[in-house]
Amino acid sequence: MIKWILIIVLIVVIMLIAYSVSEQIKDKYDFFNNLKLFLNQFKINVSFRQEKINEFLQKNNSKKQFKLFIEEYSNFLKTGELNLEKIKVLDDDDKDILQDIVKNVGKYDAKNEINQMDSFLATVDVKLVKANEDKNKLCPMIIKLSLLFAIGLAILLI
C-alpha cells in the first residue's frame with residue numbers, strides 16, 4: 001500500500017516539475033509578447049520624452065516576469081541603474097537586448113527614436129517567433145516525455 005502511494009507521489013512530483021519547466025517556456029513567450037505590445041504602445045503614445053516615460057510605466061498593468069521588467073525600468077529612470085537578474089525567463093543575450101532598449105529609449109529626437117524603436121521591434125519580433133516555436137514544440141513534448149518517464153519509473157519500481 002505504501003509502495004503505491006510513493007509511486008503516485010513520484011509521478012505527481014515529476015509532472016509538477018515538467019509543468020513548471022513548460023510554464024517557464026510559456027512565460028518567456030508571454031514576456032516577449034508583452035514587450036512587443038509595450039514598445040508599440042510606447043512608440044505611439046509617449047512622444048519619446050523622458051518625463052512621460054515614468055507616467056506611462058505607472059499605467060502599465062502587466063503580470064509575472066514582465067512586471068519585474070517594468071519595475072526595473074522605473075527604477076532605472078529614477079536611479080540610473082538597471083538590474084535584470086530578477087527576470088529568470090531570459091538568457092544573457094535577451095538581457096543585453098533589454099538593456100540596450102532601456103538605455104537608449106527617450107534620448108533622441110522623434111525621427112531617430114522612431115527608427116530605433118522599429119529596430120528594437122524587429123529584434124523583439126525575432127525573439128517572439130523563436131519563443132512561440134519553443135512554446136508550441138517544447139511544452140507538449142516536455143509534458144509527454146515526463147509522463148512517460150514517470151510511468152516507466154513507476155513500472156520499474158513495481
Side-chain angles (χ1 to χ4, degrees), residues 1-46 53-79 81-105 117-158:
M1 180 67 170
I2 292 179
K3 185 177 186 180
W4 288 104
I5 293 172
L6 290 175
I7 288 173
I8 290 172
V9 168
L10 177 70
I11 290 172
V12 169
V13 168
I14 290 172
M15 292 311 297
L16 287 174
I17 292 170
Y19 181 75
S20 173
V21 170
S22 77
E23 280 300 308
Q24 286 182 338
I25 293 170
K26 290 176 185 176
D27 285 348
K28 186 171 185 174
Y29 170 77
D30 290 339
F31 182 88
F32 282 115
N33 194 34
N34 285 331
L35 182 61
K36 181 179 178 181
L37 294 173
F38 172 74
L39 291 175
N40 278 326
Q41 287 180 352
F42 193 81
K43 181 180 171 182
I44 294 168
N45 296 324
V46 175
I53 295 174
N54 263 332
E55 183 181 317
F56 183 71
L57 290 175
Q58 298 303 323
K59 293 179 182 177
N60 192 301
N61 296 329
S62 301
K63 299 176 187 173
K64 296 185 183 184
Q65 298 290 316
F66 195 72
K67 187 172 182 103
L68 293 173
F69 170 68
I70 295 297
E71 290 170 2
E72 283 301 319
Y73 197 167
S74 295
N75 185 43
F76 171 76
L77 293 174
K78 294 174 189 169
T79 65
E81 295 178 14
L82 183 65
N83 181 10
L84 299 175
E85 295 304 315
K86 294 178 187 176
I87 305 172
K88 302 294 184 195
V89 296
L90 301 178
D91 56 21
D92 290 336
D93 183 43
D94 298 335
K95 290 178 184 176
D96 290 341
I97 291 169
L98 279 180
Q99 285 181 347
D100 192 33
I101 290 171
V102 168
K103 291 181 179 179
N104 290 311
V105 167
M117 194 62 66
D118 288 337
S119 170
F120 289 147
L121 283 167
T123 303
V124 169
D125 277 338
V126 169
K127 294 288 186 179
L128 183 62
V129 167
K130 173 75 169 109
N132 189 33
E133 288 172 357
D134 287 348
K135 182 185 83 157
N136 291 336
K137 181 174 61 173
L138 294 178
C139 289
M141 183 179 70
I142 289 170
I143 298 293
K144 289 173 186 173
L145 288 177
S146 296
L147 181 61
L148 289 174
F149 175 73
I151 291 172
L153 197 57
I155 290 171
L156 285 176
L157 294 175
I158 293 178

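Since we're looking at a predicted model, the values are computed, not measured.
Within the model, atoms CG of D92 and CD of Q99 stand 9.5 Å from one another, a figure rounded to the nearest 0.5 Å. Atoms CD1 and CG, from I14 and L147 in turn, are 9.5 Å apart once rounded to the nearest 0.5 Å. Considering CG of D125 and CZ of F120, their distance stands at 13.5 Å, rounded to 0.5 Å. For the atom pair S20 OG and M15 CE, the distance stands at 12.0 Å (nearest 0.5 Å). Interatomic distance, CD1 of I142 versus CZ of F149, reported as 14.0 Å (0.5 Å rounding). Note: D30 CG to I25 CD1 = 12.0 Å, rounded to the nearest 0.5 Å.
The shortest side-chain heavy-atom distance between K127 and L35 does not fall under the 4.5 Å cut-off. Proximity of I87 to D94: side-chain heavy atoms (C-beta onward) are nowhere separated by under 4.5 Å. Two residues are said to be in side-chain contact when any heavy atoms from C-beta on lie closer than 4.5 Å; F31 and L98 meet this criterion. No side-chain heavy atom of T123 sits under 4.5 Å from any side-chain heavy atom of I101. Counting heavy atoms from C-beta on, the side chains of L6 and L157 never come closer than 4.5 Å. In this structure, the side chains of M117 and N40 stay at 4.5 Å or more apart for every pair of heavy atoms. Residues E72 and L68 are not in side-chain contact: their nearest non-hydrogen atoms beyond the backbone lie 4.5 Å or more apart. Annotation: side chain of L90 is in contact with side chain of F32 (closest heavy-atom distance under 4.5 Å).
Surrounding CG of D91 are more than 12 heavy atoms belonging to other residues, nucleotides or ligands, all under 6.0 Å away. Other residues, nucleotides and ligands place more than 12 heavy atoms under 6.0 Å from the NZ atom of K95.
Here the side chain of S22 pairs a donor or acceptor atom with the backbone of Y19 at under 3.5 angstrom.
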Problem - Stepwise side-chain contact (heavy atoms from CB on, under 4.5 Å) check, L138 with E133 - result: CA-CA 8 Å; L138 294 178; E133 288 172 357; over 6 Å; no
Practice task
Assess whether side-chain contact (heavy atoms from CB on, under 4.5 Å) is satisfied between K28 and K135, documenting all intermediate values.
Solution key: CA-CA 9 Å; K28 186 171 185 174; K135 182 185 83 157; over 6 Å; no
Handout entry: I158 vs W4, side-chain contact (heavy atoms from CB on, under 4.5 Å): CA-CA, chis, key distance, verdict
Key = CA-CA 8 Å; I158 293 178; W4 288 104; 3.6 Å; yes
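In this structure, a donor-acceptor pair under 3.5 Å is present between the side chains of N136 and N132.
Nearest heavy atom pair, residue A154 against residue I11, reads CB-CD1, 4.0 Å.
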